[in-house]
Number of protein chains: 2
Amino acid sequence: MLINELSKKSGISTHTIRFYEKSGLIKGYRKESVTSNNYYHFDEETLERLEMISEAKSVGFTISEIAQLIDAWYSNKFSKKQKLAILDEKLLALEQKLKEIRQMKKLITEFKNDVLEDRC
Amino acid sequence: MLINELSKKSGISTHTIRFYEKSGLIKGYRKESVTSNNYYHFDEETLERLEMISEAKSVGFTISEIAQLIDAWYSNKFSKKQKLAILDEKLLALEQKLKEIRQMKKLITEFKNDVLEDRC
DNA sequence: ATCAACCTTAGAGCATACTCTAAGGTTGTT
DNA sequence: AACAACCTTAGAGTATGCTCTAAGGTTGAT
């Protein structure tokens, strides 16, 4: 599919998709059979990646962290051992985020009780 | 205390503290008794706020969201009802973040199993 | 009185992650 | 052929959240 279709299917603007491409998160390919244009084509895997990228962004991972995750998953840049190390590191980061969020929830709940009982 | 002491106690740079002050998250006061300078003074509550700000930032709240939280907590800008609405909204946002993080954890764990079992 | 170590404001600079514009080429329909 | 609706690259612009610099004033120890 071309970028416009990818954009519609993923819900991500073509501009942002191009930005992700420049950032190395996704990659289009050119069809050798076509010589009249230089349009990029994208496959289902790219759509999958974009969904993963959206989820990863929403939990607060940066572009370069997501790039690492993608390399650990889709590329052969790393050995099995290195891949596992990266994935474990990200799991640890998520565990930390869970802790912080639970703590913040507690804090806000305390705030709420104080407001309810007119202590502020 | 003056800004330097506040910075040391909070672990936040004076530049960032000034930025937070400009953003309306904290507020220093001037001592009327002192006329030879225009130094700002900060109290323990400001230190407390800075700690809260750091925690709120780490869970992904933006400056303006934190400003809302602070207003719901420290100011009389809002009615009791409004304060509770703001706090509930933030609790809901945190609940959503928890869900997203748990989902991402699951995804990465699946990735990990695939790597472990040489499925990629 | 001089010096380091503070303080102030105003504004410039930077990293991240988009978001948009310009200028030009292609495709498909009428 | 002409038109809308695509495609490309290069680069400018924007929002957020800092981070730093400049220029000038104050404080406190020697």
Side-chain angles (χ1 to χ4, degrees), chain A residues 1-43 46-47 49-70 93 97 100, chain B residues 1-43 46-47 49-70 93 97 100:
Chain A
M1 71 188 101
L2 299 180
I3 195 166
N4 197 36
E5 193 181 342
L6 184 63
S7 169
K8 273 165 189 157
K9 281 188 178 160
S10 65
I12 296 172
S13 78
T14 57
H15 288 305
T16 301
I17 290 174
R18 289 229 161 84
F19 170 72
Y20 289 162
E21 199 177 7
K22 269 188 216 159
S23 308
L25 299 188
I26 58 168
K27 221 170 165 57
Y29 56 93
R30 272 157 175 161
K31 289 214 166 136
E32 289 157 42
S33 53
V34 182
T35 52
S36 62
N37 70 37
N38 56 346
Y39 294 1
Y40 284 112
H41 295 257
F42 302 91
D43 51 23
T46 308
L47 193 54
R49 277 199 202 194
L50 285 178
E51 276 153 17
M52 189 271 236
I53 290 167
S54 293
E55 285 175 44
K57 268 180 30 64
S58 79
V59 304
F61 282 139
T62 63
I63 298 289
S64 72
E65 285 173 318
I66 298 172
Q68 269 198 309
L69 263 177
I70 282 178
K97 279 174 206 276
E100 286 163 351
Chain B
M1 71 187 102
L2 299 180
I3 195 165
N4 198 36
E5 193 181 342
L6 183 63
S7 169
K8 272 165 190 158
K9 281 188 178 161
S10 65
I12 296 172
S13 78
T14 58
H15 288 304
T16 301
I17 290 174
R18 290 228 160 84
F19 170 72
Y20 289 160
E21 200 178 5
K22 269 188 216 161
S23 309
L25 300 186
I26 58 168
K27 222 171 164 56
Y29 56 93
R30 272 159 175 160
K31 287 212 166 136
E32 289 158 43
S33 53
V34 182
T35 52
S36 62
N37 69 37
N38 56 348
Y39 294 0
Y40 285 112
H41 295 257
F42 301 91
D43 51 24
T46 307
L47 193 54
R49 277 199 202 194
L50 286 179
E51 276 153 16
M52 188 272 236
I53 291 166
S54 293
E55 284 176 45
K57 269 180 29 64
S58 80
V59 304
F61 282 141
T62 63
I63 298 288
S64 71
E65 285 173 319
I66 297 171
Q68 270 197 309
L69 263 176
I70 282 178
K97 280 175 207 277
E100 286 164 351

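Each chain gets a letter, A, B and so on, in the order its sequence line appears, and its residues count up from 1. Since we're looking at a predicted model, the values are computed, not measured.
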Base, sugar-phosphate, or nothing: which does T62(A) touch, judged by heavy atoms less than 4.0 Å apart? sugar-phosphate
Whole angstrom is fine here: how far is it from NE2 in H15(B) over to C1' in dT9(C)? 13 Å
Nearest whole Å is fine: how far is dT9(D) P from N38(A) CG? 6 Å
Measure the shortest side-chain to side-chain distance between I3(B) and F42(B) over non-hydrogen atoms and say whether it is less than 4.5 angstrom. yes
Expressed in angstrom and rounded to an integer, what is the separation of E65(A) atom CD from dT16(C) atom C1'? 12 Å
Distance below 4.0 Å between Y20(A) side-chain N/O and dT16(C) OP1 or OP2: no
Within the 4.5 Å heavy-atom criterion, are F19(B) and I63(B) side-chain neighbours or not? yes
Return the nearest nucleotide to the side chain of T16(B); candidates are dT19(D), dT9(C), dT9(D). dT19(D)
note: E21(B), atom CD; dT9(C), atom C1'; distance rounded to Å ~ 11 Å
Assess R30(A) against Y40(A): is NZ or CZ under 6.0 Å from the centre of the six-membered ring, and within 45 degrees of the ring's axis? yes
If you only use heavy atoms from C-beta on, which nucleotide in dT9(C), dC20(D), dG17(D) is closest to the side chain of R30(B)? dT9(C)
Might you work through the side chain to side chain contact (heavy atoms under 4.5 Å, CB included) test for T46(A) and M1(A), ending with a clear yes or no? CA-CA 10 Å; T46(A) 308; M1(A) 71 188 101; over 6 Å; no
Whole-Å gap separating P (dT19(D)) and CD1 (I12(B)): 11 Å
Side-chain heavy-atom pair L50(A), K9(A) within 4.5 angstrom cut-off: no
The nucleotide from dC18(D), dT19(C), dT26(C) with an atom nearest the side chain of I63(B) is dC18(D)
Whole angstroms only, please: what is the NZ-C1' distance between K31(A) and dT27(C)? 15 Å
Tell me whether the side-chain N/O atoms of K22(A) come closer than 4.0 Å to OP1 or OP2 in dC18(C). no
Closest-nucleotide mapping onto DNA chain C: is S13(A) or V34(A) further toward the 5' terminus? I mean the 5' end. S13(A)
So do the side chains of L25(B) and R49(B) get within less than 4.5 Å of each other, counting heavy atoms only? no
Interatomic distance, E21(A) atom CD to T14(A) atom OG1 [nearest 0.5 angstrom]: 11.0 Å
Nearest-angstrom distance from the residue atom CZ of F19(A) to P of dC20(C): 14 Å
Length of the OH-P vector between Y40(B) and dT26(D), whole Å: 16 Å
Under 3.5 Å between N/O atoms: give me all the protein pairs with nucleotides 3-6 of chain C, atom names plus distance.
| unit_1 | atom_1 | unit_2 | atom_2 | d |
| --- | --- | --- | --- | --- |
| dC6(C) | O5' | N4(B) | ND2 | 3.1 |

Pick the closest DNA chain D nucleotide for N37(B) and for S64(B) by heavy atoms, then say which residue is nearer the 5' end. S64(B)
